[in-house]
Amino acid sequence: MVKRLASQLFVSRLSSYTTNQELKMLFSPFGLVTQASLVKDPKTQRPKGFGFVSFRLEEEAQKALEAMNGRIVRGRLIFVEVANTGSPENGDSSA
DNA sequence: GTTGAGCGTT
């Protein structure tokens, strides 16, 4: 098993006018963004204001995390965190 | 011009 940190980031408190492309544009200079997804309500189609950004390198993801966490995007403060889905944030080798 | 608090969808 390859020890893989969460290369996927959970971005919240985004402004409703921010798009997936916007996210990718914001996270691209911090690393190679392989995927950017904006989550919205499946019923009302209304933007939930949070999304996910996948990096190709976990170290880039963490760098972008601390770089963009608590940053101002489109005039609103956003939060960035490691995603909870799919990637086991298992950085623990046997100590 | 839609905020809050949150972990989606190919």
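Letters A, B, ... mirror the listed sequences (proteins, then strands); counts begin at 1. Treat the numbers as computed from the prediction; the structure is a model and nothing was measured.
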Nearest whole Å is fine: how far is [N] [atom2] from [X] [atom1]?
X	N	atom1	atom2	result
A:L38	B:dC7	CG	C1'	13 Å
A:K40	B:dG4	NZ	P	20 Å
A:N84	B:dT9	CG	C1'	16 Å
A:Q8	B:dT10	CD	P	14 Å
A:F52	B:dC7	CZ	P	8 Å
A:R46	B:dG4	CZ	P	14 Å
A:R74	B:dT3	CZ	C1'	17 Å

Is A:Q8 reaching over with its side chain to a backbone N or O of A:S54, donor-acceptor style, under 3.5 angstrom?
->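 No: the side chain of A:Q8 does not pair with the backbone of A:S54.
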Within the side chain of A:T18, is there an N or O that forms a donor-acceptor pair under 3.5 Å with the backbone of A:L14?
-> no
Let's see if you can work this out: which of [options] has an atom nearest to the side-chain heavy atoms of [X]?
X	options	value
A:E81	B:dG6, B:dC7, B:dT2	B:dC7
A:F10	B:dC7, B:dT9, B:dT2	B:dC7
A:S37	B:dT9, B:dG6, B:dC7	B:dT9
A:Q35	B:dC7, B:dT10, B:dG6	B:dT10

Can you sort out the partners of A:E22 under side chain to side chain donor-acceptor pair (under 3.5 Å), two or more places apart, ordered by chain and number?
->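 Testing A:E22 for side chain to side chain donor-acceptor pair (under 3.5 Å), a comparison that skips the adjacent residues, returns A:R74.
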Does a side chain donor of either A:E58 or A:S7 reach within less than 3.5 Å of an acceptor in the other side chain?
-> no
Taking ring-ring contact (aromatic ring centres under 6.0 Å, His included) as the test, write out the residues that go with A:F10, two or more places apart.
->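 Testing A:F10 for ring-ring contact (aromatic ring centres under 6.0 Å, His included), a comparison that skips the adjacent residues, returns A:F50, A:F52.
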Ignoring backbone atoms, establish whether A:S16 has a side-chain N or O less than 4.0 Å from OP1 or OP2 of B:dT3.
->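 Indeed, a polar side-chain atom of A:S16 lies that close.
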May I ask you to verify if any side-chain N or O of A:R13 is less than 4.0 angstrom from the OP1 or OP2 atom of B:dA5?
-> yes
Would you classify A:G49 as touching base, sugar-phosphate or nothing, given that sugar-phosphate means primed atoms plus P, OP1 and OP2, and contacts are heavy atoms under 4.0 Å?
-> base
Which residue lies more 5' along DNA chain B, comparing A:R76 with A:K48 via nearest heavy atoms = A:R76
Provide the distance between the two C1' atoms, one in B:dG6 and one in B:dT2, to the nearest whole Å.
-> 16 Å
